[in-house]
**Student:** 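Sharing a structure with you now.
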Amino acid sequence: MPELPEVETVRRGLEPVLVGRRLTRVEARRPDLRFPLPDRFAARLEGARVEALLRRAKYLVANLDTGETLIAHLGMSGRFTIRTPMQSMAPGAFYYADDPDPTHTHIVFTTDAGDRIEYNDPRRFGFMDIAATADLAGHKSFRTLGPEPLGPEFDAAALAAAVSGSRQPVKAALLDQSVVAGLGNIYVCEALHLAGISPMRRAGRVSARRLGVLVETIRVVLEAAIAAGGSSLKDFADAQGALGYFQHRFRVYDREGAPCQREGCGGVVARRVQAGRSTFYCPICQT
DNA sequence: CCCACGACCTGTGGGC
DNA sequence: TGCCCACAGGTCGTGG
């Protein structure tokens with residue numbers, strides 16, 4: 001899944017081909033992704049101009065000139081691919097590169113510039129919805145979201161308040177989108193390692209000072225990943241189809257048995273399951 | 001209210 | 001080579 005850095009990378013890739021453009025055709029090849037598509041999905045989008053393409057947590061948000069907004073979540077395996085028309089041998093004609101996986105391409109948008117934007121999602125954990133732009137904050141998906149980790153409202157005091165008294169492991173608390181919005185399994189593992197905090201420690205019992213360190217390591221990890229164009233795991237590619245490079249910089253994620261990269265630590269990366277998901281950490285330097 | 005867990009869906013990689 | 005199980009970046013609903 002795309003976590004915040006991957007969604008931001010996708011947003012930056014789509015922005016130049018979507019913003020200011022009108023959607024001339026929207027093709028939904030099935031009636032649902034994870035959830036049913038909203039009523040008259042294609043009809044409400046066709047003819048609309050995209051005024052802005054934003055990101056909130058792991059959601060892409062396309063404001064339209066119709067007063068409505070398209071909301072998209074990539075789930076675990078969703079990806080957008082841009083296909084720009086290419087000149088064919090015949091004068092005036094053009095064509096698109098072949099879709100390598102048409103069986104999982106569920107939605108195709110075409111713009112007035114002729115670009116085709118394909119949404120492909122094998123597992124179909126992603127979803128799309130359309131809501132009145134004025135009511136977005138009240139949308140089911142947004143109502144309970146906590147602060148953006150890269151925004152001004154996320155600081156040590158805010159994090160301390162959000163986890164105050166919490167008995168759940170700090171790993172689980174950081175995955176809770178109402179505590180901070182946009183982290184996922186990879187970057188939580190990475191940020192906790194960088195901060196030297198054990199993923200198993202109860203969230204409400206991490207000291208204020210260490211929560212301050214954690215806020216900083218979350219920012220550092222996310223910003224580095226965005227700068228690298230996101231991670232490249234099995235399914236992730238940015239909107240142009242390029243692979244991200246951040247995977248090469250994982251300190252602990254998917255590195256069970258590898259030496260801890262903290263200077264002088266000497267530990268070995270361990271894996272254990274928390275809340276049904278793999279946690280990677282160093283048992284020596286994360287306390 | 002808080003927290004843990006299973007469900008959703010498909011593909012892939014590792015072990016035997 | 002082939003089969004089967006475990007596991008994969010997320011979120012939501014349920015039930016204790």
Side-chain angles (χ1 to χ4, degrees), chain A residues 1-11 29-37 55-60 71-80 100-106 119-129 139-146 149 161-191 199-205 221-222 225-226 228-238 243-250 252-257 271-280:
Chain A
M1 135 272 75
E3 300 181 35
L4 185 155
E6 291 74 39
V7 178
E8 178 60 22
T9 299
V10 170
R11 189 196 70 76
R29 298 183 180 171
R30 52 177 302 137
D32 60 342
L33 294 171
R34 176 171 181 187
F35 306 117
L37 293 170
R55 179 192 56 73
R56 171 74 171 109
K58 302 170 193 172
Y59 295 87
L60 287 169
I71 300 163
H73 193 290
L74 304 177
M76 294 278 251
S77 58
R79 63 203 287 178
F80 281 102
D101 179 30
T103 45
H104 300 113
T105 295
H106 306 305
Y119 179 72
N120 181 287
D121 187 357
R123 293 180 73 181
R124 248 185 298 126
F125 283 177
F127 56 91
M128 295 194 196
D129 198 5
H139 188 274
K140 181 177 178 240
S141 294
F142 295 151
R143 218 165 27 213
T144 57
L145 289 180
V163 302
S164 170
S166 170
R167 299 174 56 76
Q168 70 180 339
V170 63
K171 159 89 185 299
L174 293 178
L175 286 175
D176 181 342
Q177 303 295 295
S178 71
V179 170
V180 54
L183 295 180
N185 204 33
I186 294 176
Y187 298 109
V188 165
C189 291
E190 294 296 306
M200 282 72 77
R201 180 174 288 273
R202 293 190 192 270
R205 304 200 37 198
V221 164
L222 294 179
I226 291 170
S231 308
S232 166
L233 292 178
K234 295 178 191 65
D235 298 320
F236 176 72
D238 72 15
L243 301 174
Y245 288 97
F246 192 75
Q247 59 169 346
H248 302 304
R249 307 215 206 138
F250 291 161
V252 287
Y253 185 80
D254 204 21
R255 301 191 40 135
E256 181 181 15
R271 171 184 174 274
R272 73 148 63 186
V273 175
Q274 286 183 286
R277 331 226 9 218
S278 289
T279 296
F280 296 91

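This is a predicted model, so every value here is computed, not measured. Below, all heavy atoms of this structure are taken into account, side chains as well, without hydrogens, waters or symmetry copies. Each chain gets a letter, A, B and so on, in the order its sequence line appears, and its residues count up from 1.
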**Student:** When the distance from OH of A/Y187 to C1' of C/dG10 is rounded to whole Å, what number comes out?
**Tutor:**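 Rounded to whole Å, this separation is 15 Å.
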**Student:** Under 3.5 Å, is there a donor-acceptor pair between the side chain of A/E256 and the main chain of A/F280?
**Tutor:**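 No, because the side chain of A/E256 does not come within donor-acceptor range (under 3.5 Å) of the backbone of A/F280.
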**Student:** OP1 or OP2 of C/dT11 versus the side-chain N and O atoms of A/Q177: is any pair under 4.0 Å?
**Tutor:**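 Yes, A/Q177 has a side-chain N/O under 4.0 Å of OP1/OP2 on C/dT11.
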**Student:** Can you tell me which nucleotide in B/dT10, C/dC12, B/dA4 comes closest to the side chain of A/F35?
**Tutor:**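 For the A/F35 side chain, the nearest candidate turns out to be C/dC12.
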**Student:** Can you identify which nucleotide, out of C/dG10, B/dC9, C/dC12, has its nearest atom closest to the A/Y59 side chain?
**Tutor:**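 Nearest listed nucleotide: C/dC12.
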**Student:** Can you tell me the distance, in whole Å, between the CZ atom of A/R30 and the P atom of B/dC9?
**Tutor:**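 Between P of B/dC9 and CZ of A/R30: 9 Å.
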**Student:** For A/R277 and C/dC7, is the shortest distance between a side-chain N/O and OP1 or OP2 below 4.0 Å?
**Tutor:**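 No.
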**Student:** If I take atom CG in residue A/L33 and atom P in nucleotide C/dT11, what distance separates them, rounded to the nearest angstrom?
**Tutor:**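 Rounded to the whole Å, the gap is 15 Å.
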**Student:** Would you say a side-chain N or O of A/H73 is under 4.0 Å from OP1 or OP2 of C/dT11?
**Tutor:**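 For A/H73, the contact criterion (side-chain N or O under 4.0 Å from OP1 or OP2 of C/dT11) is met.
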**Student:** Counting only side-chain N and O atoms of A/H104, is one of them less than 4.0 Å from OP1 or OP2 of B/dG11?
**Tutor:**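 For B/dG11, OP1 or OP2 has a side-chain N or O of A/H104 closer than 4.0 Å.
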**Student:** When you measure from the side chain of A/R124, which nucleotide among C/dA8, B/dC8, B/dT10 comes out closest?
**Tutor:**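 So the nucleotide nearest the side chain must be B/dT10.
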**Student:** Nearest-Å distance, CZ (A/R79) to P (C/dG10)?
**Tutor:**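 Rounded to the whole Å, the gap is 17 Å.
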**Student:** Starting at the 5' end of DNA chain C and moving along, which residue's nearest nucleotide shows up first, A/R34 or A/G276?
**Tutor:**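 Its nearest nucleotide lies further toward 5', so the answer is A/G276.
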**Student:** Using salt bridge (charged side-chain N to carboxylate O under 4.0 Å, His left out) as the criterion, list what pairs up with A/D32, not counting sequence neighbours.
**Tutor:**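 By the salt bridge (charged side-chain N to carboxylate O under 4.0 Å, His left out) rule, A/D32 matches A/R30.
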**Student:** Between B/dC9 and C/dT14, how many Å separate the two P atoms, rounded to a whole number?
**Tutor:**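 The answer is 16 Å between these two P atoms.
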**Student:** Can you figure out which of C/dT11, B/dC3, C/dA8 approaches the side chain of A/M76 most closely?
**Tutor:**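 Per side-chain heavy atoms of A/M76, the pick is C/dA8.
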**Student:** Applying side chain to side chain donor-acceptor pair (under 3.5 Å), name anything that partners A/T103, two or more places apart in sequence or on another chain.
**Tutor:**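 Expected list: A/D101.
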**Student:** Closest to the A/Y253 side chain: C/dA8, B/dT10, C/dT11?
**Tutor:**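 Looking only at side-chain atoms, A/Y253 lies closest to C/dA8.
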**Student:** Once side-chain contact (heavy atoms from CB on, under 4.5 Å) is applied, do any residues pair with A/Q274, and if so which ones, sequence neighbours excluded?
**Tutor:**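 A/Q274: side-chain contact (heavy atoms from CB on, under 4.5 Å) contacts with A/P169, A/K171, A/P199, A/M200, A/R272, A/T279.
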**Student:** Could you give the CG-to-P distance, from A/D129 to C/dT11, as a whole number of Å?
**Tutor:**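 So the two atoms are 15 Å apart, to the nearest Å.
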**Student:** Can you sort out the partners of A/Q177 under side chain to side chain donor-acceptor pair (under 3.5 Å), two or more places apart, ordered by chain and number?
**Tutor:**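 If we apply the side chain to side chain donor-acceptor pair (under 3.5 Å) test to A/Q177, skipping adjacent residues, there are no hits.
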**Student:** Just call it for A/R271: base, sugar-phosphate, or nothing, with non-hydrogen atoms closer than 4.0 Å on any strand.
**Tutor:**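 A/R271: backbone/sugar contact only, no base atoms under 4.0 Å.
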**Student:** Has A/F125 got its ring stacked on the base of B/dC8, with centres under 5.5 Å and planes less than 30° apart?
**Tutor:**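 Stacking is present between B/dC8 and A/F125, given that their ring centres fall under 5.5 Å apart and the planes under 30°.
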**Student:** Measure from the side-chain N and O atoms of A/D121 to the backbone N and O of A/H106, and report whether any donor-acceptor pair falls under 3.5 Å.
**Tutor:**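 Such a contact is absent between A/D121 side chain and A/H106 backbone.
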**Student:** Please name all residues satisfying side chain to side chain donor-acceptor pair (under 3.5 Å) with A/T105, sequence neighbours left out, ordered by chain then number.
**Tutor:**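 If we apply the side chain to side chain donor-acceptor pair (under 3.5 Å) test to A/T105, skipping adjacent residues, the hits are A/D99, A/N120.
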**Student:** Taking 4.0 Å as the cut-off, does a side-chain nitrogen or oxygen of A/K171 come that near to OP1 or OP2 on B/dA4?
**Tutor:**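 False: A/K171 side-chain N/O out of range (4.0 Å or more) of B/dA4 OP1/OP2.
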**Student:** Does a side-chain N or O from A/S278 land closer than 4.0 Å to OP1 or OP2 of C/dC7, or not?
**Tutor:**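 Looking at the OP1 and OP2 atoms of C/dC7, neither is under 4.0 Å from any side-chain N or O of A/S278.
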**Student:** Expressed as a whole number of angstroms, how long is the span from A/E6:CD to C/dA8:P?
**Tutor:**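 Whole-Å distance recorded here is 16 Å.
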**Student:** Whenever both distances are under 3.5 Å in a Watson-Crick or G-U wobble pair, mark it; put DNA chain B into dot-bracket that way, with [ ] for crossing pairs and | when the partner is on another strand.
**Tutor:** .|||||||.|||||||
**Student:** With a 4.0 Å cutoff (strictly under), does any side-chain N or O of A/S141 reach OP1 or OP2 of C/dT11?
**Tutor:**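 No.
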**Student:** To the nearest Å, give me how far apart CG (A/D254) and P (C/dA8) are.
**Tutor:**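 Checked: the CG to P distance equals 8 Å.
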**Student:** With a cut-off of under 6.0 Å to the ring centre and 45° to the axis, is A/K58 in cation-pi contact with A/F125?
**Tutor:**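 No - A/K58 does not lie over the ring of A/F125 by the 6.0 Å and 45° rule.
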**Student:** What distance, rounded to whole Å, do you find between the two P atoms, one in B/dC5 and one in C/dC7?
**Tutor:**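 These two P atoms come out 15 Å apart once rounded.
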**Student:** Mind telling me whether A/Y187 and A/F250 have parallel, tilted or perpendicular rings, with 30° and 60° as the class edges?
**Tutor:**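 Because their plane-to-plane angle is over 60°, the rings of A/F250 and A/Y187 count as perpendicular.
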**Student:** Distance check needed: C/dT11 C1' versus A/L183 CG, whole Å only.
**Tutor:**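 Whole-Å distance recorded here is 15 Å.
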